[in-house]
Novice: 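Here's a structure for you.
Because the structure is predicted, anything quoted here is derived from the model rather than measured. Computed over heavy atoms, backbone and side chain alike; hydrogens, waters and symmetry mates excluded. Whatever order the structure lists them in is the order used to number ligands and atoms, beginning at 1.
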Amino acid sequence: MKPTPEDLFKRNQEWAESKLSKDSQFFSKLSNIQSPKYLWIGCSDSRVPANEIVGMDPGELFVHRNVANVVPHSDANCLAVIQYAVEILGVEHIVVTGHYNCGGIRAALGDADHGQIDNWLAHIKDVIKDNYEEIFDLKDEQERVDRLCELNVIRQVSNVAKTSIIQNAWRNGKSITVHGWVYGLNDGLLRDLKVDISNLEQIHPAFQINS
Ligand code: CO
């Protein structure tokens, strides 16, 4: 039986009570201050619950999720999250986390008509175009999907770092590292793609902004 909305309220009450039973100040402490050190940019997929898979409590992780964890250059929603996280909350780490077997990535690899979402998936098709031979040299479809999941994360890490927001923060002496991770639905584990970007010199000259 799938839970009803009433069930969710019941579960919520039980959750709040269990938190209070361990720490009676749990919510009163949180209501006064939010100071997460991490911004998580991940996929909307219900199997990738950000806080849960990194064992973080409320207050520890600022989160933005969309289909296939994309950071378009001019997406007002995503940019607002990044600006708030960096300039107001003072996050020090921005983690773009993809996941293997991502449905959005799989859809982008095909040529089927999905309606409006194909315009969103075009951001991933850009990554396919730029890595066409590497991806289609892989004979197995699952391998192509999973490699594109990684390549998409790498592109989106770069897109975060290129924003005027992050470049400004670095110029103002803030320490911010943008990380690229991939989560395995099959084993529950995160992999670090080791594509950290943490300074202006790592930005391609075409995107560097100097003030
Ligand atoms: Co996904």
Novice: Tell me how many protein N, O or S atoms are within a distance shorter than 2.8 Å of the Co ion (ligand 1).
Specialist: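 The number of such protein atoms is 3.
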
Novice: Going by distance alone, is a donor N or O of one side chain under 3.5 Å from an acceptor N or O of the other, for Arg106 and Gln142?
Specialist: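 A pair is found: one side chain offers a donor N or O, the other an acceptor, under 3.5 Å apart.
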
Novice: With a 6.0 Å cut-off on ring centres, are Phe27 and Trp15 close enough?
Specialist: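 Yes: the rings meet the under 6.0 Å criterion.
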
Novice: Any donor-acceptor pair under 3.5 Å linking the side-chain atoms of Glu150 with those of Tyr100?
Specialist: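 Their side chains do contain a donor-acceptor pair, which is all the 3.5 Å distance test asks for.
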
Novice: Do the side chains of Arg155 and Asp130 get close enough for a salt bridge, i.e. N-O under 4.0 angstrom?
Specialist: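 Salt bridge: yes.
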
Novice: So, the side chain of Gln167 versus the backbone of Ile209: is there a donor-acceptor pair under 3.5 Å, distance only?
Specialist: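 Yes; at least one donor-acceptor contact below 3.5 Å.
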
Novice: Given side-chain hydrogen bond (donor to acceptor under 3.5 Å, both in side chains), test Arg171 with Asn168 step by step and report yes or no.
Specialist: CA-CA 5 Å; Arg171 271 202 304 273; Asn168 269 325; 2.7 Å; yes

